[in-house]
Visitor: 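Have a look at the structure that comes next, please.
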Amino acid sequence: MTFRVRVALALGLAAIVPLLVLGYGVRREMTHRLVTQADSQVQLQVQRARDRLAAESRAIDGRLDRLVLALEDNNQFRLVAVSGETAPWLLDWAPAAMRQVELDQLELVDSAGTILSSGHFRNQFGRSHRGLAELIVAESAQPVLWRARSATGQVNGLARARGFTLAGRRFALVGGMTLDLARLVPAAGADLTPRLLAGSPSGDDEALARIPLRLVTGEDSVVSSPAAIVLARDPGPLRALRRSVDRWFIGAIGVVILVATALAFWLSSRVTRPLADLAAKTAQVDLDRLDQTFATGRPDEIGALARLLDAMTDRLRASALRLREAERRAATGDLARQINHDVKNGLAPIRHVLRHLNQVAAETPGDLPAIYRERVGTLESSVAYLENLSRNYARLSPAVDRSDSDLNALVREIARALVSPRPALLRLGGDVLPVRADAVALRRIVENLAANAADAARDTGGDVTLASSSVSRDGTAWVRLEVADTGPGMSREQLERAFDDFFTTKPDGTGLGLSVVRRLVADLGGTLKVETAPGKGSRFIVDLPAGDRS
Amino acid sequence: LLPAALACQPPISTPQPVGDPCRHGDAARATLDTVNIGFSEALNEGGRVLLRLTGRTLVRLDCTGRLRPGLARGWSRDATGTTWTFELDPATSAPSLVEQWEMRRNGGIWPWSRILEVRADSPHRLLVRLDTAFREVPPAFALPPLAVAPEPSGSLLPARVWIHPEGIDQRDLLDLPPSGSGRGADLLVSRDPALIRYAGSRPQFAVIPLAWDRTYVALAPVSPLEVGKGSEEALRESLAREVVRADSRAAQPPFWWDGTDCIRTRPLRPMGRQPLVAYLQGDESAREIAERMVALASIPLTVAPLAPETFTASLAGGEAALYIFTLPRTFPGSCGRIPAWPSGSAVVPLVDVRAHAVVRSGVPPFTTNDDGTFQFDLPVTLVPLPGPMR
């Protein structure tokens, strides 16, 4: 995992985790408040429902009392009571009375429970509701719900009963009002549903509150059982609200994650890009390229690091110069000792010949001409040796002047003078830039590499190829010189020492040619690369800074 | 207000005519030259009465079921009992009667399929050949669809006839001015007990019961339904006395549908019976009977008012546990008017009902028939109503 990714992840997590915690907390708090609010609303509704039930029970009592008074004053009904026989008009009494006093259930029964008149089910007369009125009166400590039968089904009503005596006979009136749960628990809220629950309460339903009732049912045999008005919460609205909150929460988190991730990557990119630039520049630093600069105007840690790298590069550059100077001095010392040795070697035969000639001139002057003729060859070969030595050392002199030089012209000139088994092959680029270099140094580079190649090709009868081209490297124009031969090539060991001073594989070689080339190329700010293998020949590739085309 | 509102209503007054029990009114006291006649019946029922008002049959059955002359003053039969000769009154043309019957037969309005041939033997003598022998003149000759309009030159009674829409207070029709200057009804046919009681309290109106014309029956598609522990007769009496508020009595035989091949039966649909007592929507007497059946049934039932088309389809399939509906007291002449029901159904007659005619003073005398219709001495000619009913 890269440093940039780590920084991005750290930034993202730093933004997302607190937001997740915040969202969870908000959601939890919201849910808690909703539930608490709903619970308090339930308790309020329950109290109101109890009050309404009590008020409606009182209203039913009042209406039944009025009906009892009306019946007691009704002479026709008194005749019914006296005779013990019902009358057709009585069948229509309860329906009319029920409508007038605005009840939904009304029954007039005699002491045996026989229905004399029914308001909610007119044609039910004659059936028995034995014990209905007594049971309702007995259970009236709680609201009593009467499940009465009608022609179209059943009707649940909040019921009350009144007994009265007329002409020595007992009668009872049972009246009720339809239990309208929506009216009983108005404005309960969309998520609060009142419903009637018959039977004993079970603990496994979702009831929030109960208003206990007594449920009276039955025809010939009337019974009472527990019931309740149950307020249950419809989980739908709360669940929908939670889902809505969750959707918004997830949406917000998603957006934040996207923004935070993008921001994190942008920030990490901003943070790590200077480091990456420094790393790229640092990667280009070596002893041959110490011109790299890291300077930035940043006042922060990265700027400090760049300045430290700049300082380090400066130290490296100074050390490299010192090292090169040390090398140069060491090479000069070696060279002086070598020259001393070589000159001594060259002078020793001359000294011997001169000492011999002096001795002959002193002892046998007549032999001097013959002896001279005998020893003059030694003198000439020694002088030739010294002259050759002198030429070789002259080649080691450094270039001092730089100007634009036509590499192709130089290559053609040197190729013409080159002594090789076959004429050198030329592959010169048509649009090669001039080389920015000292003309003598450039000539020595080309002469040495060409002579080397010719020597190698001579051993195998191979070819020498000289090529030139313009190349671009790191946005900078360079001129490339390639000198190849099809000679014996070099082993890895030979290649490692090829550029050392005085290393040569040729019997008459000085071992300075490639060493001089390496130094001259370095002095000109160029690079030198060798591709070689035993039996495959060698290719020397020299890249030199290009000059101005004009 | 309560004691006064709960006081019982007076019983329906049914004045008995003197002499001919089927004839009502006094020709000497007839002052109205145009009669406004209103019906609170369905259109087909009103149509039946209209045929009786505007036409005459060869014979008729009066309110006691006695055969009376109509267009025919006398009749005889041949030895086989299949050819009957009717002597028409002088004002009636036999060829015209034959022509009207032919037009009715060609128009598909033909109530009695036993007539094979009708021929005018002379200008006032009619020969009718039947496919079955009869010892007495067949009562089917009194069916309203066989009534024919009188000759154009004959005397007619102008009358405006309407079937008043549902929902109006019929008492308004009695309180409006009579036919001479307004739309008040001079003769109103109704089954509404409240209207009849109100008319009985008004001195200018007489309330005349028409013949028992309908019988409410209970039809159980599968088997007789147990309704109460008393006898069937006690149930009928209770229904007539305590349940049905229209003028009713316990259904009395004979019932023309017993043993007739007119009833169209259908196979019972293989579906579970719904715990319903179905009746025709708008029929208050049927609703009252149905509610009583629910109250007395040994199983939980509820009433179900059904629209006419739904009721007919449900009855044909036997989908409900019980059906309450009416059948005419007299043979309607056409079997097509009887609904179909599942074969094997138990049909129990419950109560007979009848309508009443509320008659304003000054209305010409009229005679009631045994099928619940009535007719004036003169046939009625219809005149336009003075304006739309409000």
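So that the names make sense, note that chain A is the first sequence line, chain B the second, and so on, each numbered from 1. Computed over heavy atoms, backbone and side chain alike; hydrogens, waters and symmetry mates excluded.
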Visitor: Are more than 12 heavy atoms from other residues, nucleotides or ligands located less than 6.0 Å from atom CZ of A:Arg130?
Guide: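 12 or below, so no.
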Visitor: So does A:Arg122 get a backbone contact from the side chain of B:Arg292, meaning a donor-acceptor N/O pair under 3.5 Å?
Guide: no
Visitor: Minimum heavy-atom separation for A:Asn123 and B:Ala295, please, with both atom names.
Guide: O-CB, 3.2 Å
Visitor: May I ask you to check whether over 12 heavy atoms, not counting those of A:Arg78, lie within 6.0 Å of atom CZ?
Guide: no
Visitor: Measure A:Phe125 against the heavy atoms of chain B and call it side chain, backbone, both or neither at under 4.5 Å.
Guide: both
Visitor: Between B:Glu288, B:Arg287, B:Glu242, which residue shows the highest count of heavy-atom pairs closer than 4.5 Å to chain A?
Guide: B:Glu242
Visitor: Heavy atoms only: give me the nearest A:Arg149-B:Ala297 pair and the separation to one decimal.
Guide: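 Minimum heavy-atom separation between A:Arg149 and B:Ala297: NH2-O, 4.3 Å.
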Visitor: Decide yes or no for A:Gln124 and B:Val294: does some side-chain heavy atom of the first lie under 4.5 Å from some side-chain heavy atom of the second?
Guide: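 When only atoms from C-beta onward are counted, B:Val294 and A:Gln124 do not touch, as no gap falls below 4.5 Å.
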